[in-house]
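I have placed the structure first, in the form of structure tokens, so that the comments after it can refer back to it.
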Number of protein chains: 2
Amino acid sequence: MAGIKDVARQAGVSVGTVSNVINRPDLVSEQTRARVQAVIERLGYVRSESARQLRAGRSRIVALLVLDMGNPFFVDVARGAERAARQAGLGVMVCNSARSPSEEADYISLFAEQRVRGVLLTPADPTGRTLDALRRNGTPFVLVDRVAAGPAECSVSVDDVNGGMLAAGHLIARGHRSIAFIGGPPELIQVRDRGAGARAALAEAGLPPESLLEISADGMDVAAGRDAGARLLGLAPRPTAVFCANDLLALGVLQAMYAARVGVPDELAIVGYDDIEFAAAAAVPLTSVRQPAAAMGRLAAELLMEETSGADVGHRHRQVVLQPELVVRSSSLAAWPADR
Amino acid sequence: MAGIKDVARQAGVSVGTVSNVINRPDLVSEQTRARVQAVIERLGYVRSESARQLRAGRSRIVALLVLDMGNPFFVDVARGAERAARQAGLGVMVCNSARSPSEEADYISLFAEQRVRGVLLTPADPTGRTLDALRRNGTPFVLVDRVAAGPAECSVSVDDVNGGMLAAGHLIARGHRSIAFIGGPPELIQVRDRGAGARAALAEAGLPPESLLEISADGMDVAAGRDAGARLLGLAPRPTAVFCANDLLALGVLQAMYAARVGVPDELAIVGYDDIEFAAAAAVPLTSVRQPAAAMGRLAAELLMEETSGADVGHRHRQVVLQPELVVRSSSLAAWPADR
DNA sequence: TCCGCCGAATGAGTCGTTTCAAGACCACCA
DNA sequence: TGGTGGTCTTGAAACGACTCATTCGGCGGA
């Protein structure tokens, strides 16, 4: 494979000049530039990124380490981050820790070897060892979908309490007075926050706390939702609406209702959370709370680039909190409450 | 950041010895090794991948360029490829061309700059310019989910004709004698092959060709499926079963049936294709034809590594064709045909 | 003719690692 | 004592591009 020296020799100039043709064309005379360009084309010369990096001391790559590549949410985060990085001439390397602390640690050391510009991540390791490793070797990072522990670190997250308020508020506005909240394992902060938001919405509307019936699912997947839906069906005065902490739970509930021939939304309104791609594809398109995933990715990348840009003036570590958005579809639009 | 020279100085040995401690520990005496290791730990030394690459002339990274990161199929391909590459000590860089030939071309030149070990890709550019670029600069590649044009190239693909046979054969075995096939735009080879498989299954069962009613959707998404489902509902003797070229189409049909209160599977059986993650999460869990996505990724990576391994002995370019698998769920299991 | 200036081109030095021929040291045997 | 073999260690030469102080050549003005 042709190197810069081959180009220089064939064009009859020095390597320095070839380098200038590529990186600072204004320093080179018109005709020299044309001649060198021609040789570059002819030889199919491609510069070696590793040599550039070695010289520059750091790479032009930002790492993005997500919890689950299969989750459309993170795919959107990746898209947002990629776009922002591209505009700044940086590449994004997307990696998947699959919620495994050991894979996460593997990737972190890979990143260190690669001398990446910085890391955007949602940590999988609850002990925080991952972040310590980054801090130790001085790799800049931005937390995604988590709030930073202290003011010396950047993070971008979403306001889950408000998300819960949006969902429950919508159901209340549609006339529902008895609402179930299907949450997953209560140790997940996100689930707790969404429930808290729902309670706040009830209180704000002047409804008694008993109007919200909390059902705890033993997971955050479709099967758990199906189980919870079955339990819901067994209740004597059945709630007229259900708010699920997650779209998968909502899809599970929908399955249970279909099997029991309970009409959605007329006999039971459903609101999910996350607005995953298939929320709109469900048998009854699902009303859901959308997280601004692409914006998170973009902001995270921008914070990182601000921190690592040459212009050292004034990067303040920030903890950005974004607001979710309610996407209304058929599953919460029963005809009757509007009629009353 | 500490370099190998700092380690050497502090440990009182030469850089060569430090390198040996890291890469060929058996050449170094026990006590020297321990001393050097201690210094490495203390200084937090991390070797620079770019310097290694520069020396080695090529990187330890395999690129995977997929059509659509949002598609669970490709996520599985990525997982398979990643696992195989990991075992061989290589990293995988997953990139998303989003079906755009220009983005694809951008990535190809990025890969060239990075001197990647090889590329696994599903080309987005129908003109084949992408592959020419790879051939020109001698980057080894393996086609994924496409059949190679000639015997001088590797590919891993899936037998779509057989997939169509499996789907239609299943419906025939369940007693259906009038089946609709909802295909997407006919210029897609995959769609044509799946339809051809379905026709072959009918012929094999001795049914007349009219038993298969072909409906062409103007897309491969849920909306197109909903439209096709509406058209299906308008038919006078309505088929008792439908085979969709894609799970998204099938979900769209399911939506249309739910809205029209046509029972699935009792009044209409549905079979999809791809077995995407949400096939099982649909209101009626969807029978579907699963593509061995992870196996494709693994095999593609293995073919590439065989080609690029130092052991030059006998890599024959191969075109591997894998077989799909039918996953039966509720959407095709009506009670009645079994009873007859 | 000499000086100074300017744009253009040069080429040596540098980045951090791996590799490899050569050297140092020791033990053993003849 | 000299030779031989073996184990460790060394130091210098790559790898390919970028940078920057230096040089070159030409030109105008004194």
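These numbers were taken from a predicted model, which means no experiment stands behind them. Numbered from 1 within each chain, the chains take letters A, B, ... in sequence-line order.
- Between the side chain of B:Arg60 and the backbone N or O of B:Gly89, at least one donor-acceptor pair lies under 3.5 Å.
- When heavy atoms are screened at a 4.0 angstrom cut-off, A:Arg55 is found touching base atoms of the nucleic acid.
- For D:dA17, the OP1/OP2 oxygens have a side-chain nitrogen or oxygen of A:Tyr45 closer than 4.0 Å.
- Between A:Leu64 and the options A:Val119, A:Leu120, A:Leu304, A:Asn96, a side chain to side chain contact (heavy atoms under 4.5 Å, CB included) holds for only A:Leu120.
- Of the candidates C:dA9, D:dA17, C:dT17, the closest approach to any side-chain atom of A:Ser29 belongs to C:dA9.
- With salt bridges taken as basic N to acidic carboxylate O contacts below 4.0 Å, none links B:Asp132 and B:Arg129.
- In terms of position on DNA chain D, the residue among B:Asp26 and B:Leu54 whose nearest nucleotide sits closer to the 5' end is B:Asp26.
- Annotation for A:Val94 and A:Met69: closest pair CG1-SD, 4.3 Å, computed over non-hydrogen atoms.
- To the nearest angstrom, P of C:dT17 lies 9 Å from NZ of B:Lys5.
- If you take CZ of A:Arg115 and P of C:dT17, they are 7 Å apart, rounded to a whole angstrom.
- Rounded to whole Å, the distance from CZ on B:Arg60 to C1' on C:dT18 is 13 Å.
- Spacing between atom CD1 of B:Ile4 and atom C1' of C:dT19 amounts to 12 Å, rounded to whole angstrom units.
- For the pair A:Glu113 CD and C:dG16 C1', the computed distance is 13 Å after rounding to whole Å.
- Annotation: proximity of residues 6-24 of chain A to DNA chain C (heavy atom, distance under 4.0 Å) is found for A:Val13, A:Ser14, A:Gly16, A:Thr17, A:Asn20, numbered in ascending order.
- Within 4.0 Å of A:Ser50, counting heavy atoms only, lies no atom of the nucleic acid at all.
- The distance from atom CZ of A:Arg52 to atom C1' of C:dT17 is 20 Å, rounded to the nearest whole Å.
- A cation-pi arrangement is present between B:Arg86 and A:Tyr107 under the rule of less than 6.0 angstrom and at most 45 degrees off the ring axis.
- Between the CZ atom of A:Arg33 and the P atom of C:dA9 there is a distance of 10 Å, rounded to whole Å.
- Using a 4.0 Å heavy-atom distance criterion, A:Gly3 is classed as a sugar-phosphate-only contact.
- Salt-bridge check for A:Arg79 with A:Glu82: failed, with every basic side-chain N at 4.0 Å or more from each acidic carboxylate O.
- The shortest heavy-atom contact between A:Ser157 and A:Arg146 is CB-O, 3.8 Å.
- The interatomic distance linking A:Leu27 (CG) with C:dC6 (P) rounds to 16 Å, in whole Å.
- In this model, the phosphate group of C:dA8 is not approached by any side-chain N or O of A:Thr32 to a distance below 4.0 Å at OP1 or OP2.
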